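Everything numeric in this text was worked out from a predicted model, so none of it was measured. All residue numbers in this chain count up from 1 along the given sequence.
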Amino acid sequence: MATNNKSNGFEDLLPVMANKLGGEGLIKELCNGFELLMDKDKGVITLDSLRKNAALLGLQDMKEDELVSMMNEGDLDRDGALTQMEFCVLMFRLSPELMEESWFWLEEALQHELDNNNNNNFSF
């Protein structure tokens, strides 16, 4: 099935990108991907803009039902479009390995924030 091949390839690519670019770099790249796919007038990804721009991200072989499924899976507020946040969440959800790594990044960021706050609260 074409979706599985695309998904598996994508799942393998996101963790590699994350390791190479780091968390901030990965988010920047996801934002760039969103901008390539979005309807420039509406500022969101619509099914029509996804159809028109999918080839820019190597998704030209996706069938109509696969594009519709992608939109439905990512459209959390059910308004028929993907916001930048919905798109990023969808990309993470399509990559289980990256989801596991994101918990590590979150814990690391929280620990860093706690350490900074503790250092700033003490005076000698």
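To the nearest 0.5 Å, the span separating CG on Leu21 from CG on Leu26 amounts to 6.5 Å. The distance from the CG atom of Asn116 to the CD atom of Gln111 is 10.0 Å, given to the nearest 0.5 Å. Phe87 CZ to Met70 CE: the interatomic distance, rounded to the nearest 0.5 Å, is 5.5 Å. We find the CE-NZ distance between Met17 and Lys28 to be 12.0 Å, quoted to the nearest 0.5 Å.
Screening residues 40-60 for salt bridge (charged side-chain N to carboxylate O under 4.0 Å, His left out) gives Asp48-Arg51, Asp48-Lys52, Arg51-Glu64 as the qualifying pairs, with residues at least two apart or on separate chains.
By the 4.5 Å heavy-atom criterion applied to side chains, Ile45 and Met38 are counted as neighbours.
In this structure, the side chain of Thr46 does not engage the main chain of Ala81 through any donor-acceptor pair within 3.5 Å.
Closest non-hydrogen pair, Leu36 versus Leu56, comes out as O-CD1, 3.8 Å. For the pair Phe92 and Leu30, the tightest heavy-atom approach, listed with the atom from each and the gap, is CE1-CD1, 3.5 Å.
Under a hydrophobic clustering in which Ile, Leu, Val, Met, Phe, Trp and Tyr are joined whenever their side-chain heavy atoms come within less than 4.5 Å, directly or via other members, Val44 and Leu59 fall into different clusters.
Applying the salt bridge (charged side-chain N to carboxylate O under 4.0 Å, His left out) criterion to Glu73, with sequence neighbours excluded, gives Arg93. Not counting sequence neighbours, the partners of Asp75 by the side chain to side chain contact (heavy atoms under 4.5 Å, CB included) test are Asp77, Arg78, Asp79, Leu82, Glu86.
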